[in-house]
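In what follows, every heavy atom counts, from backbone to side chain, and hydrogens, waters and symmetry copies are set aside.
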Amino acid sequence: MLTLYSYPNSRSLRVAWTLEELGLDYRIHSLDLKAGEGHSPEYLAIHPDGKAPALMDGELALFESSAICRYLAAREGRLLPQSLAGQAQMDQWLSFLTTELEQPLWTLAKHTFALPEDQRCDAIKQTAQWEFQRALKALQRRFDGQGWLVADEFSVADIFLAQTLSWAQMAGQPLPAVLEQWGEEVRARPACERARQREQQAAEERQQH
């Protein structure tokens, strides 16, 4: 049984979405990160930084959402191009999306609400907004919001882009209309909605206990 360690509205949604797209049987362990569960000795043995997501597949423990989703796709032979060149292009996009497009948004979030108040810096937020818009222009040079990122087929890379664009909207960052529409259409996939519901249900059940 696959076990996803999740926290709602975080990167764990990407993993749950990938699991749903692949039709895999899995259970969710919803982490109470605010109560410090992420830093329990048991969880630190799975994820060295105590964050979400993490995945257990038998004895295999994985952390980092891109590595987890890439592993699941390769495990099932789906949600990734079949050619080596196509897989390299998908990995290229995953690297760009996580290190260039997503990171300024995470910097904004950290200095808005995630970091302790005495560690936040308002001046950094303006730089982060500029960095995001620069990365967005780089995305547009290679992707026009039509079809999919790689080889004209839906892949893990599209899951990552769709979630990142939703974070941009929540952060109040302007997006080109074509990318905004693309993200909304991709997030309307039934697997995405099932993933959201399962994560939310698991979190609610944790709170009840």
Side-chain angles (χ1 to χ4, degrees), residues 4 6-21 49 51-55 62-73 79-81 87 89-115 124-151 153-196 199-200:
L4 168 61
S6 108
Y7 188 75
N9 302 316
S10 75
R11 296 178 181 93
S12 63
L13 176 63
R14 301 167 172 172
V15 182
W17 185 353
T18 299
L19 287 160
E20 291 290 342
E21 291 281 357
D49 200 29
K51 297 180 179 180
L55 182 81
L62 290 173
F63 58 95
E64 294 298 329
S65 60
S66 57
I68 296 169
C69 294
R70 182 67 169 80
Y71 165 74
L72 291 170
L79 294 185
L80 79 172
Q87 291 178 28
Q89 289 177 319
M90 186 185 80
D91 291 340
Q92 176 179 263
W93 276 117
L94 289 175
S95 179
F96 170 81
L97 294 170
T98 55
T99 64
E100 297 292 333
L101 195 67
E102 175 193 308
Q103 280 309 302
L105 297 174
W106 178 225
T107 298
L108 273 172
K110 286 189 292 185
H111 290 275
T112 301
F113 61 84
L115 288 173
I124 290 176
K125 292 159 66 173
Q126 183 175 352
T127 301
Q129 293 171 350
W130 178 84
E131 286 186 306
F132 174 75
Q133 290 300 323
R134 182 181 64 175
L136 188 64
K137 290 176 182 176
L139 169 67
Q140 290 179 275
R141 285 195 287 270
R142 294 288 300 277
F143 181 63
D144 62 2
Q146 304 296 320
W148 308 116
L149 284 171
V150 183
E153 59 182 313
F154 181 72
S155 74
V156 168
D158 299 297
I159 290 175
F160 275 59
L161 176 56
Q163 188 186 33
T164 305
L165 292 176
S166 75
W167 284 343
Q169 289 176 279
M170 287 187 286
Q173 294 305 297
L175 295 175
V178 66
L179 286 179
E180 188 172 337
Q181 181 178 352
W182 182 91
E184 291 172 355
E185 289 175 355
V186 176
R187 293 190 299 273
R189 291 172 69 92
C192 181
E193 183 57 31
R194 291 195 302 270
R196 290 184 190 280
E199 281 204 311
Q200 188 59 42

Taking side chain as C-beta onward, heavy atoms only, is [X] less than 4.5 Å from [Y]?
{"X": "M90", "Y": "W93", "result": "no"}
{"X": "L72", "Y": "V156", "result": "no"}
{"X": "P53", "Y": "L4", "result": "yes"}
{"X": "L161", "Y": "L139", "result": "yes"}
{"X": "W106", "Y": "T98", "result": "no"}

Closest approach of [X] and [Y], non-hydrogen atoms and distance?
{"X": "A157", "Y": "L97", "result": "O-CD1, 3.5 Å"}
{"X": "L80", "Y": "E153", "result": "O-OE1, 4.4 Å"}
{"X": "A16", "Y": "E199", "result": "CB-CG, 4.3 Å"}
{"X": "V178", "Y": "D144", "result": "CG2-O, 3.5 Å"}
{"X": "A171", "Y": "L105", "result": "CB-CD2, 4.4 Å"}
{"X": "V186", "Y": "F154", "result": "CG1-CE1, 4.0 Å"}

> Which salt bridge (Lys or Arg N to Asp or Glu O under 4.0 Å) pairs, counting each pair once, include a residue from residues 170-193, with sequence neighbours left out?
Replying inline: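 Sorted pair list: E21-R189.
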
> Which pairs count as salt bridge (Lys or Arg N to Asp or Glu O under 4.0 Å) when at least one residue sits in residues 163-176, sequence neighbours excluded?
Replying inline: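 Matches after skipping sequence neighbours: none remain.
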
State which residues pass side-chain hydrogen bond (donor to acceptor under 3.5 Å, both in side chains) with [X]; sequence neighbours excluded, sorted by chain then number.
{"X": "Y71", "value": "D57"}
{"X": "R11", "value": "E102"}
{"X": "S10", "value": "S12"}
{"X": "Q140", "value": "none"}

>> Tell me if a side-chain donor or acceptor on D49 pairs with a main-chain N or O of K51 at a distance below 3.5 Å.
In response: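 It does not hold such a pair.
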
Measuring from atom [atom1] of [X] to atom [atom2] of [Y], what distance do you get when rounded to the nearest 0.5 angstrom?
{"X": "R14", "Y": "T164", "atom1": "CZ", "atom2": "OG1", "value": "4.5 Å"}
{"X": "L13", "Y": "C192", "atom1": "CG", "atom2": "SG", "value": "5.5 Å"}
{"X": "L115", "Y": "K110", "atom1": "CG", "atom2": "NZ", "value": "6.0 Å"}
{"X": "F96", "Y": "F160", "atom1": "CZ", "atom2": "CZ", "value": "14.5 Å"}
{"X": "Q92", "Y": "L149", "atom1": "CD", "atom2": "CG", "value": "10.5 Å"}

>> Show every ring pair (Phe, Tyr, Trp, His ring centres under 6.0 Å) that has at least one partner inside residues 166-190, sequence neighbours left out.
In response: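 Sorted pair list: F143-W182.
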
If you look only at distance, which donor and acceptor atoms sit under 3.5 Å apart when one is on a side chain in residues 124-137 and the other is two or more places apart or in another chain?
residue : atom : partner : partner atom : Å
Q133    : NE2  : P174    : O            : 3.3

>> Which residues pass the salt bridge (Lys or Arg N to Asp or Glu O under 4.0 Å) test with R70, not counting sequence neighbours?
In response: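 By the salt bridge (Lys or Arg N to Asp or Glu O under 4.0 Å) rule, R70 matches D91.
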
> Of all residues at least two apart in sequence or in a different chain, which pass the salt bridge (Lys or Arg N to Asp or Glu O under 4.0 Å) check with E64?
Replying inline: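 E64 satisfies salt bridge (Lys or Arg N to Asp or Glu O under 4.0 Å) with no residue once adjacent residues are dropped.
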
